[in-house]
Each structure stands twice: as structure tokens, then as C-alpha cells.
Number of protein chains: 2
Amino acid sequence: MSAQPTTERGRQTRARIVAAAADVVAEKGALGASLDDVGARAMASRSQLYHYFDDKTDLLLAVAQATNDAVLDAQRALFAGLDTWNGLVRWADALVEFQRQRDGRGGCPIANLVGQLGEREDGIRLVLASGYDRWETDIRAGLAAMVTSGELQPGANTDWLAASTLASLQGGLILCQARRDPDALRRALDGALALIGAYRGAS
Amino acid sequence: MSAQPTTERGRQTRARIVAAAADVVAEKGALGASLDDVGARAMASRSQLYHYFDDKTDLLLAVAQATNDAVLDAQRALFAGLDTWNGLVRWADALVEFQRQRDGRGGCPIANLVGQLGEREDGIRLVLASGYDRWETDIRAGLAAMVTSGELQPGANTDWLAASTLASLQGGLILCQARRDPDALRRALDGALALIGAYRGAS
DNA sequence: TCCTGACTGGACTGTCAAGTCCAATCGCGA
DNA sequence: TCGCGATTGGACTTGACAGTCCAGTCAGGA
């Protein structure tokens, strides 16, 4: 069984390993990432890796959790504004702008892990699914607030709209990634916005 | 340079290798698929692999092309009906039903390859992007026919709607794959249908 | 101070996979 | 039939990587 660090030094070492592993996985893929790479980047020896993690799969599980946190934390400020139409538009604009800065490279880190490990590591798949759940919940909360404030009509199905919006985002990111074309994400999100916009209050 | 087969026997061997490789890649992932696995499944020796393909990357390129063809060919009959609203609904229903039969497993084979190889093999990424282009083109052609027939309003932007629909489908498939929940795809496609539906003729 | 458990260093092993090589066989065209 | 290029068999080389092992060092509590 992998040991939980009990000292401050141990916590830092474990955190360094996970951060390094996330980097290496992003760069070389989950299967292509070697523990030698991870150890070198984390300035940690082999025994440290096996002190804190059972095996490579256990480490990848931690990487999946860290990836969820990174993706969602990066949007935290924008999520807070999702309770107004303008905030929703700003969120979409920011996502597109981010892809533009990266020239359409990279796609969604969570989706990449799903593609690499989703069919082969059920535990990791579940972690990634929980990341999507959190994402969808944040979107839904914003839409629900817009219903409460009257900015969206009371009849708007926020469960469905949130699910559909996250799907548009994820699909837009894949198309953007495959084509290196941020406009693909732009079109996808414009579709999601148009769908939500159909429920805007008459006011 | 990899040799193109000139005899019938050679063509069959090459085809057997690509089919076997596609199977193994689907099962174990692109990096996890070993040439020994592929050779065994294709009843082909190591020299046969290297006779028809430069290296593993070259083989994976052929697998990507075969995957495009498989995904699009499987929908060919449904694509033909995309020129009516009912045909569009049937297409969506068939995609959801297919995921139900698989218990939400597998996701989109093209998207899985993007996640595994998109950031590391540019040639393969381009092949996969061309698969998406063909897919989007088929959807767009159906929508354009609906505009021509008057089933959609003349102002409907078929480029945008096709791109947005494919994104909803791809995103729905990823969410379905991560959660093992075909309803995630259902909600995503319902979003796409609702967006298109907003442009249906007044008739 | 000293003891103990947490933590660390790094060599070592066994396995497996990509790619090479050469000899052998097949079958079409002259 | 004969020659030759296309095709095939499979052993071999080389390197990389996951996981093991043991001998340490560190630091906080008694």
C-alpha cells in the first residue's frame, strides 16, 4: 500500500512527484511517460516514487486528480461569473482566447487522459468522470442562478443545458486540437450560447 | 521506404496487418499495442510488417486512415438520410442506440486516437483531422439539402450548424465514455437538434 | 541524547518491445 | 522451364522500463 506522507518534507516530495508526473504525462502521454523521466524532473529517486505510490497506475490516478483540479481551478474566477449572460459570454471568449494562445494545441487535458486510459483503467476513468461532473455542476449552478434572477426563463432546463454546453465545449476542444483551429471551438461554443440564448427572458 | 504490395497476395497481407493493428490498438491503445501482438493476430511475421511499413508510426498512420473509413462507412446509410429532419433525428437516435448497446464503452475511435497521438504525431493528427472534415462535410451536405428543400430556413448557416453539431456529438461521446452513460450523448445531441430545429421552416 | 519510524539513494533484475538481418520461398513473365 | 523481384520466416541485437532491494540518512519525541 502506498504511504501517505506524515511529515512536511514528505508532503512536499509527494507533491513534487505528482506535479512532475503531470508535466511528463502531458508531454509524452500516460504510457510514454517513464518513471525515470518523472523522477528526474521531480528531483526524486526511484524509492521515493515507490514510497508514495504503489505502482505506475497509482501515480497516474494521482495525476488524473491533479489534472481535474488544475483544469477547474484555472476557470474558478470565470465560473463565478457564470450567473449572468455576459459572464457566460466572457467564459466562452476566455476559453477560445486560451486556445488561440496555444495555436489550438493540447486540447482538454482531461479528455486526453480519457482517450489514453479511459478504456483500460477503470479507476482513473471514474476520477476523470468526477472531474466532468464538477465542471457540469459549476455550469449548471450559473444557469440556475440566471433562472432565479430572471435572466433565463423559468422553463429553462438547466440540467440539460449544462450537459449540452459541456459537450459542446469538449467536442469543440477536440476538433480544435485535431485541426489546430481555435475557430472550431468558437463555432461549437457559439452553438451552445445560441441554445441557451433561446431561453433568455423577454425583459 | 515502405513497399506498396504489387501482387494480390501482398495486398491481402497488408490489409490483414492493418485490420489486426486496428483491433490491437483499439484494445490496448496505440502505445500499448506491440508489433508482436499485431503480427500474431494478423498471422504475419515480423518481416512482413517491416516489408509494408517503415516503422510503427507508419503502421499507426494506416490504422488512423482505416479508423476514419470504418467510422464513416458505418454511418454511410444514415448520412444519406440527413437531408430531412426525420433523417437527422434517426441519425441521432442510431448513435445513441449504438452507445447503449456498448454500455457507453469505447467512445469515438477517432477521438481516442487524437488523445493518444494528436500531440505527438503530426502526420497522424492530420489524417484524423481529415476524418473530421469528411464527417462535418456529410452533415453540412444534409443540412444544405434541407435548406434547398425548404425544410430549413434560407438564413440557416449550415457551415456553423454542421460544425456545432459535430462538436456536440464528439463532446457527448467523450462524456458518455467517461461516465459510461449513453444519456450524456442523448442530451448533447438533443442540444444540437434543438439548435437546428430553431431554423426549421414555418410550414 | 538516543531511538524509531519516516524518508531517501541508487544499483540491480527480469521482461518486453522495436528494429535489423539474412536466408529461404513463391509465382509471374520471358 | 528459368530468373528475378516480391514476399516470407524467425532469430538476434539493443535499449528501455517497471518494479525490487537494501543500505543508508533525517528528525521528532521520550
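Chain letters run A, B, ... following the sequence lines, proteins first, then strands; residues in each count from 1. Everything quoted here is computed from the prediction, not taken from an experiment.
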Requested in this report: Rounded to the nearest angstrom, tell me the gap between atom CG in A/Asp55 and atom P in D/dA18.
Outcome: 11 Å

Report task. For A/Gln99 and A/Gln177, test the side chains for any donor-to-acceptor distance below 3.5 angstrom and give the result as yes or no. Result -> no

Query raised in the report: Under a 4.0 Å N-O cut-off, is there an ion pair linking A/Asp36 with A/Arg41?
Result: no

Query raised in the report: Does B/Tyr52 put a side-chain nitrogen or oxygen below 4.0 Å from OP1 or OP2 of D/dA6?
Result: no

Report summary line: In whole angstroms, the gap separating P of D/dG5 from NE2 of B/His51 amounts to 13 Å

Query raised in the report: Do A/Thr137 and A/Arg134 have side-chain N/O donor and acceptor atoms under 3.5 Å apart?
Result: no

Query raised in the report: Is the closest basic N to carboxylate O distance between A/Arg187 and A/Asp190 below 4.0 Å?
Result: no

Query raised in the report: When you measure from the side chain of A/Arg140 to the backbone N and O of A/Thr158, does any donor-acceptor pair fall under 3.5 Å?
Result: no

Query raised in the report: What is the distance from CZ of A/Phe53 to P of D/dA18, rounded to the nearest Å?
Result: 14 Å

Query raised in the report: Under 3.5 Å, is there a donor-acceptor pair between the side chain of B/Asn112 and the main chain of B/Gly106?
Result: yes

Query raised in the report: Tell me, which stems hold DNA chain C, with a stem being 3 or more Watson-Crick or G-U pairs in a row and both distances under 3.5 Å?
Result: C:1-30 with D:1-30

Report task. For the pair A/Asp23 and A/Lys28, find out whether any cationic side-chain nitrogen is under 4.0 Å from an anionic carboxylate oxygen. Result -> no

Requested in this report: Among D/dC26, D/dG19, D/dT7, find the nucleotide with the atom closest to the side chain of A/Arg9.
Outcome: D/dC26

Query raised in the report: Does B/Asp93 pair with B/Arg90 as a salt bridge, N-O distance under 4.0 Å?
Result: no

Query raised in the report: What residues form a side-chain hydrogen bond (donor to acceptor under 3.5 Å, both in side chains) with A/Asp181, not counting sequence neighbours?
Result: none

**Report entry** B/Gln48 side chain near D/dT7 phosphate (N/O to OP1/OP2, under 4.0 Å)
**Finding:** no

Requested in this report: Classify the angle between the aromatic ring planes of B/Phe79 and B/Trp91 as parallel (below 30°), tilted (30 to 60°) or perpendicular (above 60°).
Outcome: tilted

**Report entry** Stretch residues 30-47 of chain A: residues that reach within less than 4.0 Å of DNA chain C through a heavy atom
**Finding:** A/Ser45, A/Arg46, A/Ser47

Requested in this report: Apply salt bridge (Lys or Arg N to Asp or Glu O under 4.0 Å) to B/Arg100 and list each qualifying residue two or more places apart in sequence or on a separate chain.
Outcome: B/Asp183

Query raised in the report: Got a donor-acceptor contact below 3.5 angstrom from the B/Glu136 side chain to the B/Leu166 backbone?
Result: no

Query raised in the report: Does any N or O in the side chain of B/Arg125 come within less than 3.5 Å of the main-chain N or O of A/Ala178, such that one atom is a donor and the other an acceptor?
Result: yes

Query raised in the report: Atom CD of B/Glu8 to atom P of D/dT7: distance rounded to whole Å?
Result: 11 Å

Query raised in the report: From the 5' end of DNA chain C to its 3' end, which nucleotides mark the outer limits of contact with chain A, defined by a 4.0 Å heavy-atom distance cut-off (strictly under)?
Result: C/dA6 to C/dA11

Report summary line: Contact check, residues 21-29 of chain B vs DNA chain D, heavy-atom distance under 4.0 Å, returns none

